[in-house]
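Before any comments, here is the structure.
FYI, side chains are in, hydrogens and waters are out, and symmetry mates aren't considered; it's all heavy atoms of this structure.
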Amino acid sequence: MESTVAESGRHTVVLTVEVPPEEFARDLDRAYRRISQQVKVPGFRKGHVPRRIIDAQIGRDAVMAEFIEDAIPQYYSKAVREHELAPIADPEISLEQSDEGQSLVFSATVEVRPRLELDDWRETVMGVEQPDPTVTDEDIDQFVDRLRDRFSEVETVGHPAHRGDYVMADIRASVHGEEIPDLTLVDHLYEVGSASIVTELDEELVNTSAGQILKFNATLPERFGDRGGQEVTFQVLVKEVKAKRLPAADDEFAKMASEFDTMEELRADLREKLADAKAAEARGVYRDRVLTALVDSVDVELPDRLVDHENEHRVEEATRRAERAGLTLDQVLEAQGWDELRFRSDARAHAVRAIKSDLVLESVARQEGITVTPEEIAQAVADLAQALGSDSKEVAKAIERSGQVTALAGDIIRTKALDLLVGTAEGTASEAPAEEQPEGTGDSTDPTPSDHGAKE
């Protein structure tokens, strides 16, 4: 089988495939045999109906339709692999020549994922600045303060309520004089500024003192379910104003909050643990900086279809996370002070960034001959199984059935490419060896997987 590829527009190519007469005849005969097993013709056993009878009974067009449905996708997929294309949509198939005894010729017009060619990525990443992982006294002070906050107590104070203070209050909500049980709270300790009920409550409580009575109207947020969007009347009796009292950062506190006897020992332990945490954080930040530097150096126009697909994937994932928390996406967005338009705009920006990052890493992988071995895939499956608490063989079967082996291989290759980028930026990378691909691994070494089949 021979094939050629030609660009026909931005991100669109035309694959022209020519199948030799003998291969065409063999696969066409296979289509006739399948139909022969399906049709009932008087005087002929099932599976033994001659081709001329099939043509007369159901027509050659029906046979060609069967052939196209079965064989064309296989020819197409082979041509896609040969030219290392990554389709992002189903192809439009056009039969150019299908006479028996001659070569089968067809064309496939398809939108594909862009391919980048990076001129000198090494020079781009070499100047990336590494973050400073040094642990400062201020870092330790902040951690100690958070620890003190965990052991804090609230006590009654004489000053008016400020944000961050607490009020002991009776809160009652009603609609047209009818009390709402779920929003009736007696002797409730409420943090001013938490916005855990309605923001108007926090605004009204600021600068109040014990004995004051507040009355105001507010619209309930969507997170209140059926009552979301309903206007409610609140009446609040402030009984006490309280503030946090943090324990002193002394040796007694060290004994209470840790296994150490002195603050000096506690701070020394915190410095060591924070050093490990900041070093890990710095490694992550540096990897992101290196990749960002290379992505920012690239100017590529992405297909709308590709961006739309990634964007919808992110929206769907956010929706699933909200549902796992027992909420709707709208409720989560409202709690964050976002609307859907802002969320989708942000998701699209992240989608564009993610796609460009993948394209950059795929380009580096191709240029440097980075591949993935069956052993690396097996290890990735084992790691995934361990994280899920499942049997690795079952996970491997599930990945195989879902056709995600190629996607997993692509993830591994992109990770290895990023490792090479970071190593180069640090001056510790060696040349990436081109690993020999074992037979039977197919396109599991391709970092740009595609699951789009042929469709006329």
Side-chain angles (χ1 to χ4, degrees), residues 149-150 152-154 156 160-244 307-352 354 388-389:
D149 188 71
R150 286 168 51 189
S152 66
E153 298 176 350
V154 292
T156 302
H162 305 304
R163 290 185 180 273
D165 288 340
Y166 294 82
V167 295
M168 182 70 73
D170 291 346
I171 302 174
R172 302 181 189 279
S174 62
V175 176
H176 303 307
E178 182 181 347
E179 197 168 272
I180 303 173
D182 291 343
L183 287 175
T184 297
L185 308 167
V186 178
D187 289 337
H188 180 70
L189 188 64
Y190 184 84
E191 182 181 359
V192 181
S194 65
S196 58
I197 299 179
V198 291
T199 56
E200 289 86 349
L201 174 59
D202 300 85
E203 294 167 0
E204 295 286 339
L205 285 172
V206 172
N207 292 325
T208 58
S209 300
Q212 283 189 242
I213 297 176
L214 309 173
K215 190 171 183 179
F216 59 91
N217 291 344
T219 301
L220 294 179
E222 292 299 323
R223 66 175 180 274
F224 283 93
D226 292 340
R227 289 194 178 274
Q230 190 173 36
E231 188 176 37
V232 173
T233 299
F234 284 90
Q235 182 167 305
V236 181
L237 169 62
V238 178
K239 294 181 173 180
E240 293 179 88
V241 177
K242 295 175 177 286
K244 282 184 180 180
V307 177
D308 291 343
H309 177 78
E310 177 67 21
N311 190 41
E312 285 306 311
H313 170 74
R314 289 171 177 270
V315 172
E316 290 168 3
E317 181 56 34
T319 302
R320 285 193 290 269
R321 286 198 302 270
E323 290 173 348
R324 287 196 292 269
L327 301 169
T328 66
L329 181 57
D330 287 341
Q331 289 172 332
V332 172
L333 294 178
E334 182 183 10
Q336 296 174 346
W338 285 39
D339 57 27
E340 184 176 0
L341 180 61
R342 179 184 174 188
F343 166 69
R344 284 187 171 273
S345 176
D346 183 74
R348 191 172 186 85
H350 280 85
V352 169
L388 296 173

Exercise. Okay, side chain of Glu200, backbone of Ala218: is any donor-acceptor separation there less than 3.5 Å?
Worked result: no
For this session: Using a 4.5 Å cut-off on heavy atoms from C-beta on, say whether the side chain of Val332 contacts that of Arg223.
Result: no
For this session: Of all the heavy-atom pairs spanning Leu201 and Tyr190, show the shortest one and how long it is.
Result: CD2-CZ, 3.7 Å
Problem set entry | Heavy atoms from other residues, nucleotides or ligands near CD of Glu178 exceed 12 (cutoff 6.0 Å) | no
For this session: Identify the two heavy atoms, one from Trp338 and one from Phe343, that lie closest to each other, and give their separation to 0.1 Å.
Result: CE3-CA, 3.6 Å
Exercise. Do you know which two heavy atoms are closest between Leu327 and Gln331, and how far apart they sit?
Worked result: CA-OE1, 3.3 Å
Exercise. Less than 4.0 Å between a side-chain N and a carboxylate O, is that true for Glu203 and Arg163?
Worked result: no
Exercise. Are Ser194 and Asp202 side-chain neighbours, meaning at least one heavy-atom pair lies under 4.5 Å?
Worked result: yes
Exercise. So, do Ile197 and Leu185 sit near enough that their side-chain heavy atoms are less than 4.5 Å apart?
Worked result: yes
Exercise. For the atom pair NZ (Lys242) and CG (Asp165), what is the distance rounded to the nearest 0.5 Å?
Worked result: 11.5 Å
Problem set entry | Euclidean distance, His313 NE2 relative to Asp308 CG, rounded to 0.5 Å | 14.5 Å
Problem set entry | Non-hydrogen side-chain atoms of Phe234 and Ile171 separated by less than 4.5 Å | yes
For this session: Kindly indicate whether the side chain of Pro221, heavy atoms from C-beta on, has any atom under 4.5 Å from the side chain of Val198.
Result: yes
For this session: Search all heavy atoms of Val167 against all heavy atoms of Ala161 and return the closest pair with its distance.
Result: CG1-CB, 4.0 Å
For this session: Begin from the C-alpha positions of Tyr166 and Glu240 and carry the test side-chain contact (heavy atoms from CB on, under 4.5 Å) through to its verdict.
Result: CA-CA 8 Å; Tyr166 294 82; Glu240 293 179 88; over 6 Å; no
Exercise. Are side-chain heavy atoms of Val192 and His162 found at a separation under 4.5 Å?
Worked result: no
Problem set entry | Between OG1 on residue Thr319 and CD on residue Glu312, distance to nearest 0.5 Å | 9.0 Å
Seminar exercise, completed: Value for CG (Leu341) from CG (Asp346), rounded to nearest 0.5 Å, stands at 11.0 Å
Problem set entry | Within-4.5 Å side-chain heavy-atom neighbours: Val175 and Arg227 | yes
Exercise. Quick one: do Arg314 and Glu317 make a salt bridge, cutoff under 4.0 Å?
Worked result: no
Exercise. For the atom pair CG (Leu333) and CZ (Arg342), what is the distance rounded to the nearest 0.5 Å?
Worked result: 10.0 Å
Exercise. Counting only heavy atoms not in Arg324, do more than 12 fall under 6.0 Å of its CZ?
Worked result: yes
Exercise. What do the steps show when you test Asp187 against Asp170 for side-chain contact (heavy atoms from CB on, under 4.5 Å), and what is the final call?
Worked result: CA-CA 5 Å; Asp187 289 337; Asp170 291 346; 3.7 Å; yes
Exercise. Where is the tightest heavy-atom contact between Val307 and Ala351, given as atom of each residue plus distance?
Worked result: O-CB, 4.3 Å
Exercise. Do Glu179 and Thr184 come within less than 4.5 Å of each other through their side chains, counting heavy atoms only?
Worked result: yes
Exercise. Looking at OG1 of Thr233 and CG of Leu183, how far apart are the two atoms once the value is rounded to the nearest 0.5 Å?
Worked result: 12.0 Å
Exercise. Looking at Arg348 and Asn311, what are the two nearest heavy atoms and their distance?
Worked result: N-OD1, 3.1 Å
